[in-house]
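For clarity, every value in this text was computed on a predicted model and none was experimentally measured. For ligands, and for the atoms within them, numbers begin at 1 and follow the listed sequence.
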Amino acid sequence: MKHLLSPLDLSVTELEDLLNLARDISKDPKKYSHVCDGKKLATLFYEPSTRTRLSFEAAMLNLGGSVLGFSSANSSSASKGESVADTIRVISCYADICAMRHPKEGAPMVAASKSSIPVINAGDGGHQHPTQTLTDLMTIRELRGSLDNFTIGLCGDLKFGRTVHSLINSLVRYKNVKFVLISPKELRIPDYIRDDVLKANQAEFIEMENLEDAMPELNILYMTRVQRERFFSEDEYLRMKDFYILDKSKMALAKEDMYVLHPLPRVNEISVDIDDDPRAAYFKQVQFGVYVRMALIMTLLGLNNK
Ligand code: CP
């Protein structure tokens, strides 16, 4: 049995197979509408979510399966003190596969160690968000045709943004990907990503504060929200929250074929004025998120040859 706890749980070949399957699904989703007949997905969300939970649920329903679960810790027995380890043993009796989001880093790993069904990490604290990474990789590959040979700017809260950490972990495995890390000094990428991922893989990267200076070189701009829920001080959050606002004047500095991605939710860091710019790809990204999660559920349940 296989879990997805980190993007590195899939080899590059397995990832390629999964993205190919997601592409095939995107062309004719109805072809897959009975693949998971009789199967159940549990969504265990101890932290708020719109896209991840609902796209997992949509994915399983599209595959002919059914869903059960909870959308907050308060509506589960976690509020009475039940451990993640006990919860997953119980859920293993009810469902065939589960997706878990938890504010504590490592909670889905604990669940996987006690689970008799595949566990998918749907975001753990400020650590990893592997299924957002699958979504991001599918989006980049569909827009550019390849995951090699491009420059990506990652902008905003690089300290707490788990989607950024997972994406860097994945992209260092591809050829000639250059990273421009754009953040205020207070929200720089953690040392373990800079040293153990970027430097350890001899990736080309630069850290800078000014978004305008970076714009002309980028093929992809990955914007992120300042993660209010991970700040210790509200004053500090308020000081940081509008540090970057991508607007038409900044987009005018970019290449004509540079795409803007964002894992969403957006707060204020992308002006709604650019939503109609053909380079704004963040709502396409949401649609790819459903196809890639359909492919992931099929793969983890061993149904990818159907
Ligand atoms: N991108 C993402 O994880 O969004 P949600 O928090 O709404 O799931």
Side-chain angles (χ1 to χ4, degrees), residues 4-7 22 41-62 67 69-76 97-108 111 119-140 142-143 152 154-171 220-231 237 241 244 246 259-270 272 275 280-297:
L4 184 75
L5 303 174
S6 143
L41 165 77
T43 51
L44 313 180
F45 277 62
Y46 295 82
E47 228 188 23
S49 166
T50 296
R51 272 145 298 277
T52 311
R53 186 171 68 84
L54 296 181
S55 65
F56 263 117
E57 296 189 358
M60 191 48 144
L61 295 173
N62 289 347
V67 296
F70 52 82
S71 58
S72 76
N74 289 341
S75 63
S76 78
I97 186 167
C98 91
M100 175 183 285
R101 170 170 291 187
H102 203 288
K104 285 204 182 126
E105 293 163 11
V119 174
I120 301 168
N121 177 1
D124 62 321
H127 186 216
Q128 299 271 358
H129 192 347
T131 64
Q132 181 63 48
T133 297
L134 298 180
T135 303
D136 302 338
L137 295 177
M138 180 174 185
T139 307
I140 295 169
E142 295 304 307
L143 294 173
I152 182 167
L154 298 132
C155 176
D157 184 350
L158 308 189
K159 179 178 180 186
F160 296 118
R162 60 193 172 198
T163 65
V164 168
H165 306 162
S166 285
L167 186 56
I168 292 174
N169 256 296
S170 253
L171 283 176
I220 298 284
L221 173 59
Y222 192 92
M223 293 295 294
T224 62
R225 160 181 82 88
V226 175
Q227 306 269 307
R228 179 182 207 156
E229 64 275 31
R230 317 241 180 261
F231 274 67
Y237 166 73
K241 74 182 179 66
Y244 298 108
L246 182 65
Y259 291 105
V260 182
L261 274 60
H262 190 311
L264 303 179
R266 155 176 64 183
V267 183
N268 205 25
E269 58 281 353
I270 299 182
V272 293
D275 288 356
Y282 29 91
F283 291 115
K284 276 193 198 124
Q285 203 177 342
V286 172
Q287 182 63 65
F288 289 134
V290 178
Y291 301 138
V292 93
R293 287 183 175 97
M294 288 170 74
L296 178 65
I297 291 169

* Check A281 against L261 and note the closest heavy-atom contact, atom names and distance. => CB-CD1, 4.1 Å
* Using distance alone, with no hydrogens and no angle criterion, decide if T163 and Y222 have a side-chain donor and acceptor under 3.5 Å apart. => yes
* Asked: Considering residues at least two apart in sequence or located in another chain, which fulfil the side-chain contact (heavy atoms from CB on, under 4.5 Å) criterion with R266?
  -> H262, L264, E269, I270, V272, D275, Y282, F283
* Asked: Can you name the ring pair (Phe, Tyr, Trp, His ring centres under 6.0 Å) partners of Y46, sequence neighbours left out?
  -> F70, H102
* Run through ligand 1 for me and note each protein residue having a heavy atom under 4.0 Å from it, chain first, then residue number. => S49, T50, R51, T52, R101, H129, Q132, P263, L264
* Partners meeting side chain to side chain donor-acceptor pair (under 3.5 Å) with E47 (sequence neighbours left out) -> R162, R230
* Worked check of side chain to side chain contact (heavy atoms under 4.5 Å, CB included) between Q285 and D136 -> CA-CA 7 Å; Q285 203 177 342; D136 302 338; 2.8 Å; yes
